[in-house]
There are 2 protein chains.
Amino acid sequence: MVVLPLPFFQLCGMEKINLAIVEDDPLIRESLENFLTEHPSVKIRLIAKSMEEFLAAITDAASRPALDLMLMDIELPGMSGIQGIYHIKQKYPELDIVMLTTFEEEEKIFNSLCAGACSYISKRTPLATIREAIFTVHRGGSYMSPSIARKIAQHFMPKERKEGELLSARQKEIVQGIVDGLSYKMIADKLDISIDTVRDHIKRIYRALEVNSKAEVIRKSLEGEI
Amino acid sequence: MVVLPLPFFQLCGMEKINLAIVEDDPLIRESLENFLTEHPSVKIRLIAKSMEEFLAAITDAASRPALDLMLMDIELPGMSGIQGIYHIKQKYPELDIVMLTTFEEEEKIFNSLCAGACSYISKRTPLATIREAIFTVHRGGSYMSPSIARKIAQHFMPKERKEGELLSARQKEIVQGIVDGLSYKMIADKLDISIDTVRDHIKRIYRALEVNSKAEVIRKSLEGEI
DNA sequence: AATTAAACCACATCAACATGTGGTTGTGCT
DNA sequence: AGCACAACCACATGTTGATGTGGTTTAATT
């Protein structure tokens with residue numbers, strides 16, 4: 001995803017971003033540290049080579065650093081970044097977790113998001129972009145690398161039209177109304193057709209999907225089968 | 001989401017992006033047209049004020065313009081942008097659809113993505129950023145505005161456990177039956193209780209969840225709210 | 001003992017749903 | 001021209017769902 005960089009002054013006056021980094025590759029870790037340390041709005045509080053090292057450093061409340069955001073790899077020696085999120089969130093419930101990784105397949109992406117990551121960046125991303133992403137996340141937004149964002153969009157996108165798709169466009173509109181919890185009358189009013197037309201569409205939808213109730217239609221729809 | 005702008009030369013040599021715009025607000029429509037027309041890599045093929053106008057313009061295969069990408073609002077007079085995606089995809093199955101809208105609530109976002117949009121941009125986004133997003137999408141990536149990306153991340157994020165769970169164990173069994181598409185009678189038979197007991201449970205479930213229909217219960221359940 | 005809550009149940013009314021049968025119109029195809 | 005299909009519509013019947021009111025029993029808590 002591409003946007004113009006925010007003017008520097010927009011971050012002046014803000015508190016510093018307390019950052020942690022968990023990265024096993026020494027070159028990447030040092031590049032990140034060197035680059036991010038240069039910016040006056042970023043304070044690197046903790047750097048670790050593994051999840052175990054990181055968790056050990058935050059176990060004791062007395063010595064635990066205040067953190068706003070962390071950059072974390074997925075593939076780490078020992079516990080993975082994804083597995084570590086659960087433990088991290090116990091100590092820092094409000095922490096913004098940004099995954100920084102080479103993995104771009106759906107499983108890793110959604111496992112990260114479902115675990116609690118709020119941003120997912122490909123390691124092929126320039127350092128300046130990573131820094132902008134940190135600022136964006138800190139302001140309450142999120143950053144996904146363009147290829148990641150595309151995968152997320154594709155996750156939701158209807159699957160490729162199969163030969164002989166089960167439902168027509170109009171029928172799908174009716175289904176959407178059902179899924180939205182509308183009554184037949186409401187659907188009729190919304191689509192500007194008669195309630196008997198809605199009933200007729202529903203009869204055909206039930207026949208096509210081999211179901212006999214609204215509930216079954218809703219479930220098929222929400223589970224991506226329509 | 002924020003990234004450094006791509007160097008201009010990266011797009012040189014590429015074919016022009018054949019673009020369509022569907023936007024009812026005249027000021028926005030003209031701003032977009034004027035700004036995007038300036039770039040040599042963008043060719044605006046079609047502009048419409050409504051979905052109906054757009055669909056009318058693409059009905060005839062002989063006069064239908066070649067399109068690679070379109071920018072579309074959601075709230076349009078008559079058919080909404082989301083509703084129109086079904087029809088558009090029939091004529092342009094491979095078209096990249098970028099939603100450009102003021103709406104930022106989850107329902108619109110996910111309805112758009114589920115309908116087939118591959119990018120969702122807030123109207124508060126600068127024109128230069130919109131143009132960069134067009135290039136990103138055309139290259140196979142996607143762009144989501146930072147606030148949109150955050151909502152998507154939050155959609156997957158585990159929900160905070162509320163104090164005092166809403167439903168009892170038995171109620172959850174009833175809910176499972178509803179989600180499975182069972183009728184009241186079927187649930188009664190399955191749990192070996194009377195249909196009036198099922199009705200009573202459902203009354204209490206509806207009150208606890210603040211809903212009034214099976215459909216809403218199913219939706220809340222499949223979306224992880226129960 | 002008294003109270004509360006969950007689970008169970010009954011009866012009632014009205015609206016919505018599921019399904020059947022029958023029809024017209026417009027569009028696209030052969 | 002004839003056919004098929006989608007979309008539209010009407011009327012009908014029986015079932016299911018939503019909701020209201022009222023009740024009993026059991027277990028846990030105070």
Side-chain angles (χ1 to χ4, degrees), chain A residues 161 163-221 226, chain B residues 52 55-56 58-64 78-79 83-84 86-87 89-91 163-221 226:
Chain A
R161 209 183 181 91
E163 273 183 53
E165 222 185 22
L166 288 173
L167 302 183
S168 68
R170 195 55 152 174
Q171 288 172 335
K172 284 174 179 168
E173 289 186 276
I174 301 290
V175 167
Q176 187 56 53
I178 294 176
V179 170
D180 288 342
L182 305 181
S183 66
Y184 291 4
K185 180 167 170 37
M186 289 170 171
I187 294 173
D189 290 344
K190 183 174 181 181
L191 299 182
D192 200 29
I193 57 180
S194 97
I195 193 171
D196 287 312
T197 301
V198 174
R199 286 198 185 97
D200 183 60
H201 281 303
I202 286 171
K203 276 187 269 183
R204 297 172 197 283
I205 289 166
Y206 284 12
R207 189 178 307 147
L209 301 181
E210 295 180 345
V211 300
N212 297 94
S213 70
K214 271 185 165 184
E216 292 174 284
V217 171
I218 295 167
R219 184 180 183 170
K220 276 182 177 269
S221 181
I226 298 177
Chain B
E52 286 80 2
L55 292 175
I58 65 171
T59 295
D60 186 13
S63 57
R64 186 184 303 154
M79 191 185 296
Q83 289 172 320
Y86 287 135
H87 305 285
K89 284 283 191 176
Q90 284 179 320
K91 310 291 189 189
E163 273 182 53
E165 238 180 11
L166 288 172
L167 303 182
S168 66
R170 193 58 152 173
Q171 288 172 337
K172 287 174 176 168
E173 288 189 274
I174 301 289
V175 166
Q176 188 55 54
I178 294 175
V179 169
D180 288 342
L182 305 181
S183 66
Y184 291 6
K185 182 168 169 35
M186 289 170 171
I187 294 172
D189 291 344
K190 183 177 181 181
L191 299 182
D192 201 31
I193 58 180
S194 98
I195 193 171
D196 288 313
T197 301
V198 174
R199 287 200 181 96
D200 183 60
H201 280 304
I202 286 172
K203 277 188 268 184
R204 297 173 197 284
I205 290 167
Y206 284 10
R207 187 179 308 150
L209 301 181
E210 294 179 349
V211 299
N212 297 95
S213 69
K214 268 184 166 184
E216 292 175 280
V217 171
I218 295 169
R219 189 173 181 169
K220 274 183 179 270
S221 181
I226 297 178

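To find a chain, count down the sequence lines: A is the first, B the second, and so on, and within it residues start at 1. As a basis for the values below, the full set of heavy atoms in this structure was taken, side chains included, without hydrogen atoms, waters or symmetry mates.
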Quiz item: With side chains defined as the heavy atoms from C-beta onward, is the minimum distance between B/Ile187 and B/Lys190 less than 4.5 Å?
Solution: no
Quiz item: Hey, are the side chains of B/Ile202 and B/Ile178 touching, using non-hydrogen atoms and a 4.5 Å cut-off?
Solution: yes
Self-check item: Approximate separation, where rounding is to 0.5 Å, of B/Lys214 NZ and B/Leu182 CG
Solution: 8.0 Å
Self-check item: Interatomic distance, A/Ile193 atom CD1 to A/Ile174 atom CD1 [nearest 0.5 angstrom]
Solution: 4.5 Å
Self-check item: A/Tyr184 side-chain N/O to A/Ser194 backbone N/O, donor-acceptor pair under 3.5 Å
Solution: no
Between [atom2] of [N] and [atom1] of [X], the distance in whole Å:
X        : N      : atom1 : atom2 : value
A/Lys172 : D/dA6  : NZ    : C1'   : 14 Å
B/Arg204 : D/dA18 : CZ    : P     : 16 Å
A/His201 : D/dA10 : NE2   : P     : 13 Å
B/Ile174 : C/dA7  : CD1   : C1'   : 10 Å
A/Ile205 : D/dC8  : CD1   : C1'   : 14 Å
A/Arg170 : D/dC8  : CZ    : C1'   : 9 Å
B/Asp196 : D/dT16 : CG    : P     : 13 Å

Quiz item: Any salt bridge between B/Glu173 and B/Arg170, counting N to O under 4.0 Å?
Solution: yes
Quiz item: Out of D/dA7, C/dA6, C/dC8, which has the shortest distance to the side chain of A/Ser168?
Solution: D/dA7
Could you run down the sub-3.5 Å N/O contacts of the protein with nucleotides 15-19 of chain C?
residue	atom	partner	partner atom	Å
C/dC17	OP1	A/Lys214	NZ	2.3
C/dC17	OP2	A/Tyr184	N	2.9
C/dA18	OP1	A/Tyr206	OH	3.0
C/dA18	OP1	A/Lys214	N	2.9
C/dA18	OP2	A/Tyr184	OH	2.1
C/dA18	OP2	A/Tyr206	OH	2.5
C/dT19	OP1	A/Asn212	ND2	2.5

Quiz prompt | Closest-nucleotide 5' rank along DNA chain D - winner of A/Ile193 and B/Arg207 | solution = A/Ile193
Practice problem: Would you indicate what B/Thr197 reaches in the nucleic acid, counting non-hydrogen atoms under 4.0 angstrom: base, sugar-phosphate, or nothing? | Solution: base
